[in-house]
Amino acid sequence: MNALPPSHEKALAALFAAMPADLLLSDGEALERYSRDWSGDHYGRPLAVARPRSTEELSLLMRRFYEQRIHVVPQGGLTGLVGGAVASYPGGEVVVSLERMSKVRSVNPIDFAMVVEAGCILEDAKRQAEAADCILPITFGAQGSCRIGGNVSTNAGGFNVLRYGMSRDLVLGLEVVLADGQVWNGLRTLRKDNRGYDLKQLFIGSEGTLGIVTAAALKLFPKPTQVETALVGLPSVDAAMQLYARARRECSDLLSAFELILRGGIEIALNARDDLHDPLGAAYPVYVLIEASAAGRVDLRGLLEGFLADASDLVLDGVIAGSRAQADRLWLLREMMVEAQGRGGRYLRTDVSVSISSLATFVTDSLDALARALPEAIPVTYGHVGDGNIHLNVVPPETMPPAEFDALFSAAEEVIFDIVDRHGGSISAEHGIGRVKQAAFLKRADPLTLELSRRIKDAFDPKHLLSEGRILASAQGVGNDAEAR
Ligand SMILES: Cc1cc2nc3c(=O)[nH]c(=O)nc-3n(C[C@H](O)[C@H](O)[C@H](O)COP(=O)(O)OP(=O)(O)OC[C@H]3O[C@@H](n4cnc5c(N)ncnc54)[C@H](O)[C@@H]3O)c2cc1C
């Protein structure tokens with residue numbers, strides 16, 4: 001175990017003695033596995049790692065932690081991007097990993113619903129939905145590692161939000177273990193239920209600060225029998241947004257993804273893999289990856305071809321994938337760009353949103369302001385622009401010493417967030433607040449929002465033992481992670 005206050009050390013030792021041997025891990029090698037997140041930017045060694053196999057086991061553990069005032073942080077697949085899932089509380093935290101609660105409890109193709117345990121990897125849940133001729137539409141690059149509990153707790157979005165909504169829109173019910181060990185059972189697959197407050201919504205997106213999700217009932221949709229994918233080149237972000245507005249009207253709600261990538265992003269992907277080639281005949285300033293899908297007797301290909309032919313005043317060039325393999329190659333450009341940006345080192349991630357109608361101006365204003373204030377910063381711009389969500393990331397120049405990164409990232413974030421504020425947007429459209437965005441969030445949140453949020457936290461976690469210091473400041477102060485970004 002790590003260095004602990006003596007009272008905690010005794011309490012944990014008593015817990016280890018009372019619990020089954022493999023429920024709590026404390027050896028150095030094991031702790032290391034749960035100490036660093038996907039980005040590599042956040043490190044925090046837990047006091048111990050609890051790996052419950054059932055809701056009952058977790059409930060029992062949480063009762064003990066509550067009695068002994070031991071701080072706890074839930075952990076899914078560690079792909080969250082705001083430093084929320086690694087241990088960080090100054091006096092130490094026990095990580096609760098949901099990895100052993102990974103069953104799909106049921107899939108019902110008539111209810112179009114599935115019930116999944118929180119530790120189930122998103123891709124596994126999607127596969128089981130597909131086996132029942134359905135889809136679970138949460139889709140994004142980390143789906144092979146992230147877990148359902150993490151998706152619910154971060155209100156994950158992804159490529160298909162414009163058609164199917166965020167995780168919040170897809171959760172029908174939840175089972176949650178509270179800070180004091182009580183189990184809140186809201187695990188229903190009802191489509192309509194207006195009995196009182198919708199408590200499950202408080203847990204969704206609350207980043208583990210109000211309870212530990214142990215299972216979720218999720219909406220499914222008919223599995224599309226046709227999927228068409230196109231990549232088009234355009235002269236500007238403004239043209240891309242005009243194309244989007246037309247696509248919404250002309251593709252009869254069959255549009256399932258509309259991803260913007262600026263040329264710089266395509267070049268990052270091309271440089272990262274020798275087997276990727278420039279997808280169109282020439283280079284264009286802006287690209288959009290479009291996906292439409294349908295079940296039933298729709299001439300989807302004809303629809304997309306007709307739509308793009310009519311959009312020749314906006315589109316400079318384009319390709320429609322002729323096969324699933326070609327479509328996968330187009331999506332690979334998008335994935336490789338995300339993986340390769342930052343060249344394996346640190347970079348500034350933002351995930352802001354503005355209204356769809358002001359997105360083009362927002363991008364132009366932000367890139368201009370960055371070029372003026374920080375000409376050395378290398379912006380990488382892409383996003384789920386059908387939701388007004390853009391990732392305007394900043395990579396440091398290759399020659400910059402790492403010691404100067406933090407100053408560059410803070411200054412760049414300030415420039416970007418300032419323009420978000422001017423557009424009435426959000427500094428976090430997807431990733432959440434965690435610890436990384438906490439100072440920026442607290443600076444902007446109005447006093448009543450903060451007061452109500454604190455009262456909610458007090459009601460669910462009166463001793464402030466759960467994921468303390470994420471979203472809201474802890475009693476110990478804001479941002480206690482020196483490595484956080
Ligand atoms: C390559 C990549 C692409 C991404 N793309 C997108 C994207 O397109 N859209 C998007 O929205 N996000 C995206 N993300 C970030 C996204 O938030 C996470 O990938 C995912 O939702 C987190 O799941 P996880 O299981 O990894 O959670 P973790 O990282 O383990 O945890 C995330 C937060 O949830 C809490 N938590 C985890 N499990 C539970 C639980 N059972 N109960 C209560 N709290 C819990 C943790 O304490 C932490 O605060 C991406 C991340 C990566 C690495």
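Every number for a ligand or one of its atoms is a count from 1 in the order of the listing.
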Identity and distance of the protein heavy atom lying nearest atom 22 (C) of ligand 1: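 I find the closest protein heavy atom is T79 OG1, 3.5 Å.
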Non-hydrogen atoms of R163 and L254 that approach each other most closely: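 Scanning both residues completely, I find the closest heavy atoms to be NH1-O, 2.8 Å.
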So is there a nitrogen or oxygen of [X] less than 3.5 Å from a nitrogen or oxygen in ligand 1?
{"X": "H431", "answer": "no"}
{"X": "V338", "answer": "no"}
{"X": "N151", "answer": "yes"}

From the candidates L78, T154, I148, the one that places a heavy atom nearest atom 33 (C) of ligand 1: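 Shortest heavy-atom distance from atom 33 (C) of ligand 1: T154.
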Among A142, S39, G141, C120, closest by any non-hydrogen atom to atom 52 (C) of ligand 1: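 Selected option, by shortest heavy-atom distance: A142.
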Per-pair distances, 0.1 Å, donor-acceptor, side chain in residues 212-224, under 3.5 Å, sequence neighbours excluded:
from	atom 1	to	atom 2	distance (Å)
T214	OG1	E175	O	3.1
T214	OG1	E175	OE1	2.7
K219	NZ	D169	O	3.0

Below 4.0 Å, non-hydrogen atoms only: which portion of [X] touches ligand 1? Side chain, backbone, both or neither.
{"X": "S153", "value": "side chain"}
{"X": "V213", "value": "both"}
{"X": "L81", "value": "side chain"}
{"X": "L98", "value": "side chain"}
{"X": "E339", "value": "neither"}

Enumerate, atom names and distances included, each donor-acceptor pair closer than 3.5 Å involving a side-chain atom of residues 140-147, sequence neighbours excluded.
from	atom 1	to	atom 2	distance (Å)
Q143	OE1	F140	N	3.2
Q143	NE2	E123	OE2	3.3
R147	NH1	G119	O	2.6

Any G158 heavy atom less than 4.0 Å from ligand 1: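 Per 4.0 Å heavy-atom rule, G158 contacts ligand 1.
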Check: T209 side chain, S206 main-chain N or O, donor-acceptor pair, under 3.5 Å: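 Yes; at least one donor-acceptor contact below 3.5 Å.
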